[in-house]
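Below, each value reflects all heavy atoms present in this structure, side chains not excepted, and no hydrogens, waters or symmetry copies. The structure presented is a predicted model; accordingly, all values stated were derived computationally and were not measured. To find a chain, count down the sequence lines: A is the first, B the second, and so on, and within it residues start at 1.
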Amino acid sequence: MLKKKFRLKKKYEFQYLYKKGVRLHSASVTLLCAQNKHHTSKFGFVVSKKIGNSVVRNAIKRKLRACIDIFLPNIKSECNCMFIAKDTITQKDFSSLCLEIKGLLQKAGIWYE
RNA sequence: AGAGUUGGUUGGAUGGUUGCGCAACGCCUUGUGCGUUGUGAGGAAAGUCCGAGCAUCACAGAGCAGGGUGCUUGCUAACGGCAAGCGUGGGUAACCAUAGGAAGAGGGCAACAGAAAUAAACCGCCUAAGCCUUACGGCCGGCAAGGAUGGAAAUGUGCGGUAAGAGCGCACACGGAAGCAUGGUGACAUGUUUCUGCUGUAAACUCCACCCGAUGCAAGAUGUGGAAUCGUUAUAACGCUGCUCGCCAGAUUCCCCCAAUCGCUAGAGCGUUAUGGCAACAUAACGUCGAGAUAGAUAACCAUCUUCAAUGACAGAACUCGGCUUACAGGCCAACUCAAAAC
RNA sequence: GCGAGGGUGGCGGAAUGGCAGACGCGCAAGCUUGAGGUGCUUGUAGGAAAAAUUCCUGUGUGGGUUCAAGUCCCAUCUCUCGCA
(Lines give C-alpha, C1' and ligand atoms only; values in the text may rest on other atoms or scores of the structure.)
Protein backbone atom coordinates (compact mmCIF):
# COMPACT_ATOMS: atom_id res chain seq x y z
CA MET A 1 0.00 0.00 0.00
CA LEU A 2 1.19 3.44 -0.84
CA LYS A 3 2.27 5.73 1.93
CA LYS A 4 0.87 9.17 2.41
CA LYS A 5 3.98 11.03 1.35
CA PHE A 6 3.58 9.64 -2.16
CA ARG A 7 0.01 10.84 -2.55
CA LEU A 8 -1.47 13.97 -4.02
CA LYS A 9 -3.60 15.75 -1.45
CA LYS A 10 -4.23 19.38 -2.21
CA LYS A 11 -6.95 20.62 -4.45
CA TYR A 12 -4.61 22.94 -6.35
CA GLU A 13 -2.36 19.98 -7.22
CA PHE A 14 -5.30 18.27 -8.86
CA GLN A 15 -6.39 21.48 -10.58
CA TYR A 16 -2.89 21.99 -11.97
CA LEU A 17 -2.84 18.48 -13.45
CA TYR A 18 -6.28 18.93 -15.00
CA LYS A 19 -5.03 22.11 -16.73
CA LYS A 20 -1.42 21.34 -17.62
CA GLY A 21 -1.00 17.57 -17.39
CA VAL A 22 -0.27 15.30 -20.35
CA ARG A 23 -3.22 12.99 -20.98
CA LEU A 24 -2.80 9.35 -21.90
CA HIS A 25 -5.63 6.83 -22.25
CA SER A 26 -5.97 3.10 -21.95
CA ALA A 27 -9.04 0.86 -21.89
CA SER A 28 -10.05 1.46 -18.28
CA VAL A 29 -7.77 4.24 -16.94
CA THR A 30 -6.74 7.76 -17.93
CA LEU A 31 -3.32 9.03 -16.80
CA LEU A 32 -2.48 12.69 -16.32
CA CYS A 33 1.10 13.54 -15.45
CA ALA A 34 3.39 16.59 -15.13
CA GLN A 35 6.78 17.53 -13.69
CA ASN A 36 7.02 18.73 -10.11
CA LYS A 37 9.77 20.44 -8.09
CA HIS A 38 10.01 17.91 -5.26
CA HIS A 39 12.41 15.02 -4.97
CA THR A 40 9.65 12.38 -4.96
CA SER A 41 6.85 11.48 -7.30
CA LYS A 42 3.26 11.86 -6.15
CA PHE A 43 0.17 9.97 -7.20
CA GLY A 44 -3.55 10.74 -7.05
CA PHE A 45 -6.53 8.52 -7.82
CA VAL A 46 -9.95 9.69 -9.00
CA VAL A 47 -12.98 7.40 -9.06
CA SER A 48 -16.28 9.07 -9.86
CA LYS A 49 -19.62 8.26 -8.30
CA LYS A 50 -20.89 6.91 -11.62
CA ILE A 51 -18.67 3.85 -11.33
CA GLY A 52 -20.32 2.34 -8.28
CA ASN A 53 -21.11 2.65 -4.62
CA SER A 54 -18.54 3.48 -2.00
CA VAL A 55 -17.48 -0.12 -1.45
CA VAL A 56 -16.66 -0.53 -5.13
CA ARG A 57 -14.92 2.84 -5.35
CA ASN A 58 -12.72 2.17 -2.34
CA ALA A 59 -11.78 -1.26 -3.69
CA ILE A 60 -10.70 0.29 -7.01
CA LYS A 61 -8.58 2.89 -5.24
CA ARG A 62 -6.92 0.18 -3.17
CA LYS A 63 -6.08 -1.82 -6.26
CA LEU A 64 -4.58 1.18 -8.03
CA ARG A 65 -2.50 2.12 -5.01
CA ALA A 66 -1.22 -1.44 -4.61
CA CYS A 67 -0.24 -1.40 -8.25
CA ILE A 68 1.79 1.79 -7.94
CA ASP A 69 3.39 0.47 -4.76
CA ILE A 70 4.78 -2.46 -6.78
CA PHE A 71 6.06 -0.22 -9.60
CA LEU A 72 7.46 2.54 -7.38
CA PRO A 73 11.17 1.57 -7.77
CA ASN A 74 10.80 1.64 -11.56
CA ILE A 75 9.24 5.09 -11.79
CA LYS A 76 11.26 8.26 -12.29
CA SER A 77 11.05 10.79 -9.50
CA GLU A 78 9.93 14.42 -9.75
CA CYS A 79 6.66 13.65 -11.46
CA ASN A 80 3.02 14.10 -10.40
CA CYS A 81 0.61 11.52 -11.76
CA MET A 82 -3.15 11.23 -11.54
CA PHE A 83 -5.16 8.18 -12.50
CA ILE A 84 -8.82 8.56 -13.45
CA ALA A 85 -10.86 5.37 -13.50
CA LYS A 86 -13.31 4.70 -16.31
CA ASP A 87 -16.45 2.62 -15.83
CA THR A 88 -14.92 -0.39 -17.64
CA ILE A 89 -12.52 -0.83 -14.71
CA THR A 90 -15.05 -2.85 -12.75
CA GLN A 91 -14.53 -5.87 -15.03
CA LYS A 92 -10.70 -5.86 -14.69
CA ASP A 93 -8.82 -8.04 -12.25
CA PHE A 94 -5.64 -6.99 -10.48
CA SER A 95 -3.00 -8.53 -12.77
CA SER A 96 -4.41 -7.16 -16.04
CA LEU A 97 -4.80 -3.75 -14.39
CA CYS A 98 -1.10 -3.82 -13.48
CA LEU A 99 -0.13 -4.56 -17.08
CA GLU A 100 -2.29 -1.73 -18.29
CA ILE A 101 -0.73 0.77 -15.91
CA LYS A 102 2.76 -0.40 -16.80
CA GLY A 103 1.97 0.27 -20.46
CA LEU A 104 0.70 3.74 -19.61
CA LEU A 105 3.79 4.62 -17.63
CA GLN A 106 6.02 3.47 -20.48
CA LYS A 107 4.04 5.58 -22.92
CA ALA A 108 4.47 8.57 -20.64
CA GLY A 109 8.23 8.07 -20.62
CA ILE A 110 8.66 7.91 -16.87
CA TRP A 111 9.41 4.20 -16.66
CA TYR A 112 12.93 2.80 -16.48
CA GLU A 113 14.15 -0.71 -15.85
C1' A B 1 -45.04 -35.33 5.54
C1' G B 2 -48.18 -30.74 3.02
C1' A B 3 -49.98 -25.45 2.73
C1' G B 4 -49.42 -21.07 5.50
C1' U B 5 -49.03 -16.88 9.50
C1' U B 6 -46.15 -14.16 13.05
C1' G B 7 -41.95 -12.87 15.95
C1' G B 8 -36.84 -13.23 17.22
C1' U B 9 -31.67 -14.21 16.12
C1' U B 10 -27.19 -14.67 13.20
C1' G B 11 -24.47 -11.79 9.28
C1' G B 12 -18.27 -16.76 10.89
C1' A B 13 -14.05 -17.88 14.72
C1' U B 14 -8.68 -18.45 15.74
C1' G B 15 -3.60 -17.97 14.13
C1' G B 16 0.25 -16.37 10.60
C1' U B 17 2.64 -13.22 6.46
C1' U B 18 2.62 -8.46 3.68
C1' G B 19 0.45 -3.48 4.03
C1' C B 20 -2.66 1.29 5.77
C1' G B 21 -5.09 5.20 9.60
C1' C B 22 -4.93 6.84 14.72
C1' A B 23 -2.95 6.92 19.82
C1' A B 24 0.89 6.05 23.51
C1' C B 25 5.95 5.07 24.42
C1' G B 26 11.03 4.73 22.82
C1' C B 27 15.42 5.92 19.46
C1' C B 28 18.53 9.82 16.87
C1' U B 29 20.31 11.28 11.84
C1' U B 30 14.94 16.09 14.60
C1' G B 31 11.26 14.65 9.94
C1' U B 32 6.77 13.90 4.63
C1' G B 33 11.98 9.48 9.87
C1' C B 34 12.35 4.52 12.20
C1' G B 35 10.80 0.85 15.84
C1' U B 36 7.51 -1.46 19.65
C1' U B 37 2.72 -1.97 21.73
C1' G B 38 -2.46 -1.07 21.51
C1' U B 39 -6.64 -0.14 18.58
C1' G B 40 -9.50 0.32 13.96
C1' A B 41 -17.19 0.02 10.28
C1' G B 42 -22.89 -1.96 10.23
C1' G B 43 -27.53 -4.46 11.00
C1' A B 44 -28.79 -1.57 8.21
C1' A B 45 -22.97 2.58 8.87
C1' A B 46 -27.72 3.59 3.49
C1' G B 47 -32.22 6.85 2.31
C1' U B 48 -32.31 11.81 4.90
C1' C B 49 -38.51 10.74 6.29
C1' C B 50 -39.34 12.41 11.63
C1' G B 51 -37.61 13.63 16.84
C1' A B 52 -33.69 15.38 20.25
C1' G B 53 -28.84 17.00 22.06
C1' C B 54 -25.11 20.69 20.71
C1' A B 55 -23.80 25.59 18.32
C1' U B 56 -24.90 30.59 16.45
C1' C B 57 -28.45 34.42 15.86
C1' A B 58 -31.95 41.37 20.06
C1' C B 59 -32.38 39.60 26.14
C1' A B 60 -34.38 33.83 22.01
C1' G B 61 -39.14 37.68 22.85
C1' A B 62 -44.86 38.94 21.16
C1' G B 63 -48.62 38.73 17.24
C1' C B 64 -50.02 37.34 12.25
C1' A B 65 -48.93 34.23 8.34
C1' G B 66 -47.07 29.33 7.43
C1' G B 67 -46.21 24.10 8.62
C1' G B 68 -47.22 19.47 11.21
C1' U B 69 -50.17 15.88 13.99
C1' G B 70 -55.37 13.89 14.52
C1' C B 71 -59.54 6.81 18.15
C1' U B 72 -57.99 5.63 23.70
C1' U B 73 -54.60 4.71 27.69
C1' G B 74 -49.65 4.31 28.70
C1' C B 75 -43.97 4.53 27.59
C1' U B 76 -40.20 8.09 26.29
C1' A B 77 -35.42 13.49 26.76
C1' A B 78 -38.64 13.94 22.48
C1' C B 79 -41.33 12.19 18.22
C1' G B 80 -45.19 11.62 12.87
C1' G B 81 -41.87 6.34 17.20
C1' C B 82 -43.15 2.07 20.47
C1' A B 83 -46.59 -1.05 23.66
C1' A B 84 -51.40 -2.62 25.14
C1' G B 85 -56.35 -1.90 23.70
C1' C B 86 -61.12 0.17 20.96
C1' G B 87 -63.84 0.78 16.28
C1' U B 88 -63.97 -0.40 10.89
C1' G B 89 -62.49 -3.51 6.61
C1' G B 90 -60.21 -8.26 4.62
C1' G B 91 -59.04 -13.61 5.36
C1' U B 92 -61.88 -20.66 6.43
C1' A B 93 -58.12 -19.63 10.27
C1' A B 94 -53.37 -18.29 12.58
C1' C B 95 -53.41 -13.22 11.42
C1' C B 96 -53.20 -8.67 8.41
C1' A B 97 -54.48 -3.51 7.09
C1' U B 98 -56.25 1.05 9.06
C1' A B 99 -54.09 9.92 8.57
C1' G B 100 -59.91 6.60 12.40
C1' G B 101 -62.10 14.56 15.09
C1' A B 102 -66.09 17.89 12.62
C1' A B 103 -70.20 17.82 6.40
C1' G B 104 -75.91 20.62 12.01
C1' A B 105 -70.17 27.36 11.25
C1' G B 106 -69.36 28.57 6.17
C1' G B 107 -69.07 28.60 1.16
C1' G B 108 -66.71 25.09 -3.05
C1' C B 109 -66.77 20.63 -6.24
C1' A B 110 -69.65 16.12 -8.05
C1' A B 111 -67.29 15.38 -15.46
C1' C B 112 -70.11 11.89 -18.76
C1' A B 113 -74.79 9.53 -18.50
C1' G B 114 -79.68 10.38 -16.75
C1' A B 115 -86.38 13.23 -16.56
C1' A B 116 -83.96 14.73 -12.19
C1' A B 117 -77.54 15.31 -8.53
C1' U B 118 -79.76 17.83 -3.42
C1' A B 119 -84.14 19.03 -5.58
C1' A B 120 -87.55 16.78 -9.62
C1' A B 121 -91.53 15.38 -12.98
C1' C B 122 -89.57 13.31 -19.21
C1' C B 123 -92.18 8.67 -19.82
C1' G B 124 -95.81 6.89 -16.59
C1' C B 125 -100.30 6.23 -12.98
C1' C B 126 -105.26 8.68 -11.71
C1' U B 127 -110.00 11.30 -13.09
C1' A B 128 -112.46 11.22 -6.55
C1' A B 129 -113.49 16.90 -5.96
C1' G B 130 -114.30 21.66 -9.41
C1' C B 131 -115.54 23.34 -14.69
C1' C B 132 -117.19 21.98 -19.94
C1' U B 133 -119.87 17.90 -22.31
C1' U B 134 -126.06 13.85 -23.37
C1' A B 135 -121.96 10.54 -23.30
C1' C B 136 -116.95 9.05 -24.75
C1' G B 137 -113.70 12.44 -23.26
C1' G B 138 -111.26 17.17 -22.26
C1' C B 139 -109.62 21.18 -18.97
C1' C B 140 -108.02 22.33 -14.15
C1' G B 141 -105.26 19.36 -11.50
C1' G B 142 -103.39 15.12 -8.11
C1' C B 143 -99.26 11.35 -7.39
C1' A B 144 -94.20 9.83 -6.85
C1' A B 145 -95.53 3.20 -6.88
C1' G B 146 -92.79 1.46 -11.93
C1' G B 147 -88.83 3.00 -15.84
C1' A B 148 -82.70 3.51 -19.78
C1' U B 149 -78.45 6.21 -16.18
C1' G B 150 -74.99 6.57 -12.33
C1' G B 151 -70.15 5.83 -7.36
C1' A B 152 -74.62 7.99 -5.21
C1' A B 153 -81.82 8.58 -6.96
C1' A B 154 -83.37 9.54 0.24
C1' U B 155 -84.19 2.88 4.13
C1' G B 156 -86.32 -2.42 3.08
C1' U B 157 -90.49 -6.16 3.50
C1' G B 158 -95.59 -6.94 4.57
C1' C B 159 -100.46 -5.17 5.82
C1' G B 160 -103.81 -1.19 5.92
C1' G B 161 -105.21 2.96 3.14
C1' U B 162 -106.54 5.57 -1.76
C1' A B 163 -109.37 7.96 -7.66
C1' A B 164 -104.24 6.80 -8.13
C1' G B 165 -100.55 6.93 -4.59
C1' A B 166 -97.05 8.12 -0.82
C1' G B 167 -93.63 6.70 6.44
C1' C B 168 -99.78 8.79 5.11
C1' G B 169 -100.70 4.97 9.32
C1' C B 170 -99.17 0.23 11.68
C1' A B 171 -95.78 -4.16 12.53
C1' C B 172 -90.93 -6.08 11.96
C1' A B 173 -86.03 -5.10 10.29
C1' C B 174 -81.86 -1.53 9.08
C1' G B 175 -79.56 2.99 10.34
C1' G B 176 -78.90 8.20 12.90
C1' A B 177 -79.23 11.69 17.20
C1' A B 178 -80.11 12.66 22.30
C1' G B 179 -81.03 10.94 27.35
C1' C B 180 -80.63 7.13 31.15
C1' A B 181 -78.59 2.51 33.38
C1' U B 182 -74.56 -1.16 33.78
C1' G B 183 -69.24 -2.49 32.80
C1' G B 184 -64.47 -0.11 31.68
C1' U B 185 -59.05 4.90 33.81
C1' G B 186 -60.64 5.64 28.66
C1' A B 187 -61.69 4.90 23.33
C1' C B 188 -66.03 2.06 23.61
C1' A B 189 -69.47 -2.09 24.54
C1' U B 190 -74.34 -3.95 26.18
C1' G B 191 -79.33 -2.79 27.40
C1' U B 192 -83.30 0.63 27.35
C1' U B 193 -86.48 5.26 26.43
C1' U B 194 -87.69 9.30 23.26
C1' C B 195 -87.18 11.62 18.69
C1' U B 196 -85.82 10.73 13.72
C1' G B 197 -84.83 8.73 8.11
C1' C B 198 -80.25 13.63 7.22
C1' U B 199 -76.03 12.29 -0.50
C1' G B 200 -70.62 12.09 -1.01
C1' U B 201 -65.99 14.73 -0.60
C1' A B 202 -61.86 17.77 4.66
C1' A B 203 -55.24 12.58 1.73
C1' A B 204 -59.52 20.22 -1.64
C1' C B 205 -60.48 25.17 1.19
C1' U B 206 -62.16 25.32 6.11
C1' C B 207 -63.48 24.66 11.57
C1' C B 208 -61.86 22.37 16.28
C1' A B 209 -57.86 20.43 19.60
C1' C B 210 -52.62 20.01 20.40
C1' C B 211 -47.46 21.09 18.79
C1' C B 212 -43.57 24.05 16.09
C1' G B 213 -38.63 30.86 16.53
C1' A B 214 -34.74 30.38 12.40
C1' U B 215 -30.36 28.16 10.62
C1' G B 216 -27.33 23.66 10.55
C1' C B 217 -20.56 20.91 12.40
C1' A B 218 -20.09 23.66 5.12
C1' A B 219 -23.13 25.29 12.70
C1' G B 220 -19.56 27.81 15.19
C1' A B 221 -14.87 29.11 18.32
C1' U B 222 -9.57 30.58 18.15
C1' G B 223 -5.98 32.89 14.98
C1' U B 224 -4.96 36.41 10.58
C1' G B 225 -2.76 41.34 6.97
C1' G B 226 -4.66 45.13 3.54
C1' A B 227 -8.34 48.16 0.79
C1' A B 228 -13.17 50.27 -0.27
C1' U B 229 -18.28 51.59 1.01
C1' C B 230 -22.26 52.54 4.54
C1' G B 231 -23.61 53.91 9.66
C1' U B 232 -22.59 56.00 14.77
C1' U B 233 -27.74 59.14 19.59
C1' A B 234 -31.13 57.51 15.32
C1' U B 235 -37.73 56.58 11.47
C1' A B 236 -31.26 51.72 13.34
C1' A B 237 -27.75 50.63 7.80
C1' C B 238 -27.02 45.32 8.87
C1' G B 239 -28.86 41.12 11.56
C1' C B 240 -32.50 38.16 14.44
C1' U B 241 -38.20 35.52 10.41
C1' G B 242 -41.96 35.65 5.27
C1' C B 243 -44.77 40.31 7.40
C1' U B 244 -45.78 43.74 11.72
C1' C B 245 -43.83 44.96 16.42
C1' G B 246 -39.76 44.72 19.59
C1' C B 247 -34.34 44.40 20.18
C1' C B 248 -29.13 45.24 18.64
C1' A B 249 -23.44 50.07 17.30
C1' G B 250 -20.86 48.35 14.25
C1' A B 251 -21.89 46.17 9.32
C1' U B 252 -20.98 44.77 4.15
C1' U B 253 -17.88 43.79 -0.12
C1' C B 254 -13.17 42.65 -2.45
C1' C B 255 -8.07 40.83 -2.30
C1' C B 256 -4.47 37.78 0.54
C1' C B 257 -3.72 33.23 3.75
C1' C B 258 -4.66 28.36 5.92
C1' A B 259 -8.54 24.80 3.10
C1' A B 260 -4.56 25.99 9.93
C1' U B 261 -6.04 24.32 15.06
C1' C B 262 -10.25 23.28 18.02
C1' G B 263 -15.30 21.53 17.58
C1' C B 264 -14.25 15.36 17.47
C1' U B 265 -16.12 11.74 20.73
C1' A B 266 -17.78 8.78 28.07
C1' G B 267 -22.77 8.92 25.88
C1' A B 268 -30.71 9.84 27.20
C1' G B 269 -23.45 4.60 26.19
C1' C B 270 -22.98 -0.92 26.26
C1' G B 271 -23.33 -5.89 28.90
C1' U B 272 -25.14 -9.16 32.95
C1' U B 273 -28.33 -9.96 37.03
C1' A B 274 -32.45 -8.66 40.23
C1' U B 275 -37.17 -6.13 41.15
C1' G B 276 -41.91 -3.75 39.25
C1' G B 277 -45.17 -3.91 34.86
C1' C B 278 -49.57 -8.01 30.18
C1' A B 279 -46.02 -5.06 27.39
C1' A B 280 -43.35 -0.76 25.60
C1' C B 281 -40.28 0.52 29.54
C1' A B 282 -38.50 1.99 34.42
C1' U B 283 -35.36 1.41 38.86
C1' A B 284 -31.10 -0.70 41.41
C1' A B 285 -26.41 -3.34 41.78
C1' C B 286 -21.99 -5.00 39.44
C1' G B 287 -18.84 -4.85 35.26
C1' U B 288 -16.90 -2.20 30.99
C1' C B 289 -14.51 1.92 27.45
C1' G B 290 -15.20 -0.04 21.78
C1' A B 291 -12.89 4.30 15.13
C1' G B 292 -12.13 9.63 14.81
C1' A B 293 -10.26 10.06 9.03
C1' U B 294 -10.17 15.07 5.89
C1' A B 295 -8.19 13.20 -1.99
C1' G B 296 -10.56 10.53 3.21
C1' A B 297 -7.51 4.39 6.77
C1' U B 298 -10.15 -1.82 7.71
C1' A B 299 -7.25 -4.83 2.52
C1' A B 300 -4.77 -9.18 0.09
C1' C B 301 -3.06 -14.15 0.69
C1' C B 302 -2.45 -18.77 3.53
C1' A B 303 -3.63 -22.50 7.37
C1' U B 304 -6.93 -24.76 10.97
C1' C B 305 -11.86 -25.18 13.12
C1' U B 306 -17.38 -24.76 13.18
C1' U B 307 -20.63 -25.36 8.99
C1' C B 308 -24.68 -28.01 3.65
C1' A B 309 -21.49 -23.83 2.44
C1' A B 310 -18.02 -19.40 4.43
C1' U B 311 -14.99 -17.65 -2.71
C1' G B 312 -20.05 -15.93 -2.16
C1' A B 313 -25.95 -11.15 0.21
C1' C B 314 -26.92 -5.93 1.00
C1' A B 315 -23.29 -2.74 1.78
C1' G B 316 -18.31 1.57 4.28
C1' A B 317 -18.41 5.89 10.11
C1' A B 318 -17.60 11.88 8.47
C1' C B 319 -20.69 16.07 15.18
C1' U B 320 -23.62 12.55 18.35
C1' C B 321 -27.96 9.87 19.85
C1' G B 322 -33.65 7.77 19.56
C1' G B 323 -36.89 5.95 15.82
C1' C B 324 -38.98 5.05 10.83
C1' U B 325 -38.28 3.34 5.83
C1' U B 326 -35.72 0.68 2.21
C1' A B 327 -31.75 -3.34 0.52
C1' C B 328 -30.08 -8.32 1.94
C1' A B 329 -26.85 -14.91 0.24
C1' G B 330 -27.73 -18.51 3.49
C1' G B 331 -28.45 -20.57 8.48
C1' C B 332 -30.89 -21.18 13.36
C1' C B 333 -34.89 -20.76 17.14
C1' A B 334 -39.90 -20.13 19.02
C1' A B 335 -45.26 -19.72 18.90
C1' C B 336 -49.57 -20.66 16.11
C1' U B 337 -53.39 -21.89 12.01
C1' C B 338 -55.77 -24.87 8.04
C1' A B 339 -56.83 -29.33 5.54
C1' A B 340 -56.72 -34.34 6.09
C1' A B 341 -54.26 -39.66 4.94
C1' A B 342 -52.84 -43.15 8.55
C1' C B 343 -52.79 -44.86 13.66
C1' G C 1 -22.35 16.20 5.05
C1' C C 2 -26.67 19.79 4.30
C1' G C 3 -30.43 21.54 0.99
C1' A C 4 -33.62 22.32 -3.65
C1' G C 5 -36.04 20.80 -8.26
C1' G C 6 -37.60 17.24 -12.06
C1' G C 7 -39.35 12.19 -14.49
C1' U C 8 -45.81 12.48 -19.77
C1' G C 9 -45.61 9.73 -27.62
C1' G C 10 -39.46 8.63 -31.36
C1' C C 11 -37.61 14.01 -29.38
C1' G C 12 -38.80 18.82 -27.03
C1' G C 13 -42.94 20.28 -24.16
C1' A C 14 -48.50 21.60 -22.33
C1' A C 15 -52.55 19.75 -19.31
C1' U C 16 -58.25 23.44 -12.96
C1' G C 17 -59.10 16.00 -9.74
C1' G C 18 -63.42 14.69 -14.98
C1' C C 19 -62.98 11.38 -22.61
C1' A C 20 -54.88 11.70 -21.45
C1' G C 21 -51.63 12.96 -24.84
C1' A C 22 -52.51 20.45 -26.55
C1' C C 23 -48.58 22.63 -29.54
C1' G C 24 -43.92 22.14 -32.20
C1' C C 25 -40.12 18.87 -34.44
C1' G C 26 -39.70 14.16 -36.64
C1' C C 27 -41.92 9.97 -39.37
C1' A C 28 -45.69 7.74 -42.89
C1' A C 29 -49.43 8.21 -46.83
C1' G C 30 -51.91 11.25 -50.45
C1' C C 31 -52.41 15.84 -53.61
C1' U C 32 -49.39 19.42 -56.30
C1' U C 33 -44.57 18.68 -60.04
C1' G C 34 -41.64 16.06 -65.94
C1' A C 35 -38.70 14.93 -61.10
C1' G C 36 -37.21 16.84 -56.32
C1' G C 37 -37.85 20.77 -52.72
C1' U C 38 -41.60 24.08 -50.89
C1' G C 39 -46.79 24.17 -50.02
C1' C C 40 -51.60 21.75 -48.77
C1' U C 41 -54.52 17.50 -46.59
C1' U C 42 -54.70 13.24 -43.48
C1' G C 43 -52.57 9.94 -40.00
C1' U C 44 -48.97 8.84 -36.02
C1' A C 45 -48.39 5.76 -27.75
C1' G C 46 -47.72 0.16 -27.38
C1' G C 47 -49.84 -4.91 -27.87
C1' A C 48 -53.68 -8.58 -29.79
C1' A C 49 -57.12 -9.98 -33.77
C1' A C 50 -57.33 -10.24 -41.69
C1' A C 51 -60.05 -5.25 -41.80
C1' A C 52 -63.89 -1.75 -40.22
C1' U C 53 -63.46 -1.62 -35.46
C1' U C 54 -63.10 -3.82 -30.72
C1' C C 55 -60.41 -5.26 -26.37
C1' C C 56 -56.21 -4.82 -23.06
C1' U C 57 -52.00 -1.96 -21.18
C1' G C 58 -50.04 2.99 -20.82
C1' U C 59 -47.80 9.88 -17.24
C1' G C 60 -40.31 6.35 -13.55
C1' U C 61 -42.05 2.13 -9.86
C1' G C 62 -45.36 0.26 -5.75
C1' G C 63 -49.35 1.36 -2.43
C1' G C 64 -53.38 4.62 -0.46
C1' U C 65 -57.55 8.70 -0.44
C1' U C 66 -61.65 9.57 -4.01
C1' C C 67 -67.37 7.68 -7.81
C1' A C 68 -62.90 9.15 -10.64
C1' A C 69 -55.62 10.50 -9.84
C1' G C 70 -50.57 12.77 -14.71
C1' U C 71 -52.71 16.01 -10.76
C1' C C 72 -53.82 14.83 -3.66
C1' C C 73 -50.97 11.68 0.29
C1' C C 74 -47.04 7.91 1.61
C1' A C 75 -42.88 4.93 0.29
C1' U C 76 -39.21 3.94 -3.35
C1' C C 77 -35.91 4.24 -7.96
C1' U C 78 -33.39 7.60 -10.94
C1' C C 79 -31.61 12.34 -13.03
C1' U C 80 -30.18 17.51 -12.44
C1' C C 81 -28.65 21.69 -9.57
C1' G C 82 -26.90 24.66 -5.26
C1' C C 83 -23.96 25.38 -0.50
C1' A C 84 -16.64 25.90 1.59
N-glycosidic conformation, B:A113 - syn within 90 degrees of 0, else anti:
anti
What's the gap between B:G66 and B:C49 when it is taken at their P atoms, as a whole Å value?
23 Å
On a whole-Å scale, what distance lies between the P atoms belonging to B:G290 and B:G40?
8 Å
Any sub-3.5 Å donor-acceptor pair from A:N58's side-chain atoms to A:K61's backbone N or O?
no
With rounding to whole Å, what would you report as the distance between B:U320 and B:C270 at their C1' atoms?
16 Å
Take atom P in B:U92 and the same atom in B:A103, then report the distance between them in whole Å.
34 Å
For A:S54, which residues count as a side chain to side chain donor-acceptor pair (under 3.5 Å) partner, sequence neighbours excluded?
none
Please report the distance separating the C1' of B:G239 from the corresponding atom of B:C57, rounded so that it comes out in whole Å.
8 Å
Syn/anti label of B:G43 as read from its glycosidic torsion, with the cut at 90° from 0
syn
Nucleotide opposite B:C198 in a Watson-Crick or G-U pair, distances under 3.5 Å:
none
Under a 3.5 Å limit for both distances, which nucleotide forms a Watson-Crick or G-U wobble pair with B:U275, could you say?
B:A282
On the nucleotide B:G296, are OP1 or OP2 found under 4.0 Å from the side-chain N or O atoms that A:R65 carries?
yes
With rounding to the closest Å, how many angstrom separate the P atoms on B:G114 and B:G150?
9 Å
Reading RNA chain C 5' to 3', what string of ( ), [ ], | and . shows its pairs, if Watson-Crick and G-U wobble pairs count only when both distances fall under 3.5 Å?
(((((((..(((.....[....)))((((((.......))))))(((((...)))))..(((((..]....)))))))))))).
Non-hydrogen atoms of A:A27 and A:K86 that approach each other most closely
O-CD, 3.7 Å
Taking syn as a glycosidic torsion within 90° of 0 and anything else as anti, which one is B:G167?
syn
Answer for the Watson-Crick or wobble partner of B:A329, both distances under 3.5 Å, is none
Before giving the answer on side-chain contact (heavy atoms from CB on, under 4.5 Å), spell out for A:V46 and A:M82 the whole-Å C-alpha distance, their side-chain angles and the decisive distance to 0.1 Å.
CA-CA 7 Å; A:V46 176; A:M82 178 164 71; 3.9 Å; yes
Anything under 3.5 Å between a protein N or O and an N or O of nucleotides 310-318 of chain B, put it in a table, one pair a line.
from   : atom 1 : to    : atom 2 : distance (Å)
B:G316 : OP2    : A:S54 : N      : 3.4
B:G316 : OP2    : A:S54 : OG     : 2.9
B:G316 : O5'    : A:S54 : OG     : 3.2

What are the two closest non-hydrogen atoms of A:F94 and A:K63, and how far apart are they?
CE1-O, 3.5 Å
At what distance, to the nearest 0.5 angstrom, does OG of A:S26 lie from NZ of A:K107?
7.0 Å
Base orientation of B:A173, syn vs anti, 90° cut from 0
anti
Base paired to B:A219 (Watson-Crick or G-U; both N/O distances under 3.5 angstrom):
none
Assign the ring pair A:F83 / A:F43 to parallel, tilted or perpendicular, where the plane angle (0 to 90°) is split at 30° and 60°.
parallel
Which value, in whole Å, describes the distance between the C1' atoms of nucleotides B:G35 and B:C54?
41 Å
Walk me through whether A:I84 and A:L32 qualify under side-chain contact (heavy atoms from CB on, under 4.5 Å).
CA-CA 8 Å; A:I84 303 169; A:L32 283 101; 3.3 Å; yes
Would you mind pulling out the nucleotide paired to B:U337, Watson-Crick or G-U wobble, both distances under 3.5 Å?
B:A3
Heavy-atom closest pair, residues A:A34 and A:G21:
CB-CA, 4.3 Å
Is the side chain of A:E100 donor-acceptor paired with the backbone N or O of A:S28 at a distance under 3.5 Å, no angle test?
yes
Kindly label the base of B:U235 as syn or anti, based on whether its glycosidic torsion lies within 90° of 0.
syn
May I ask which nucleotide in the shown strands pairs with B:G250, Watson-Crick or G-U wobble, both distances under 3.5 Å?
B:C230
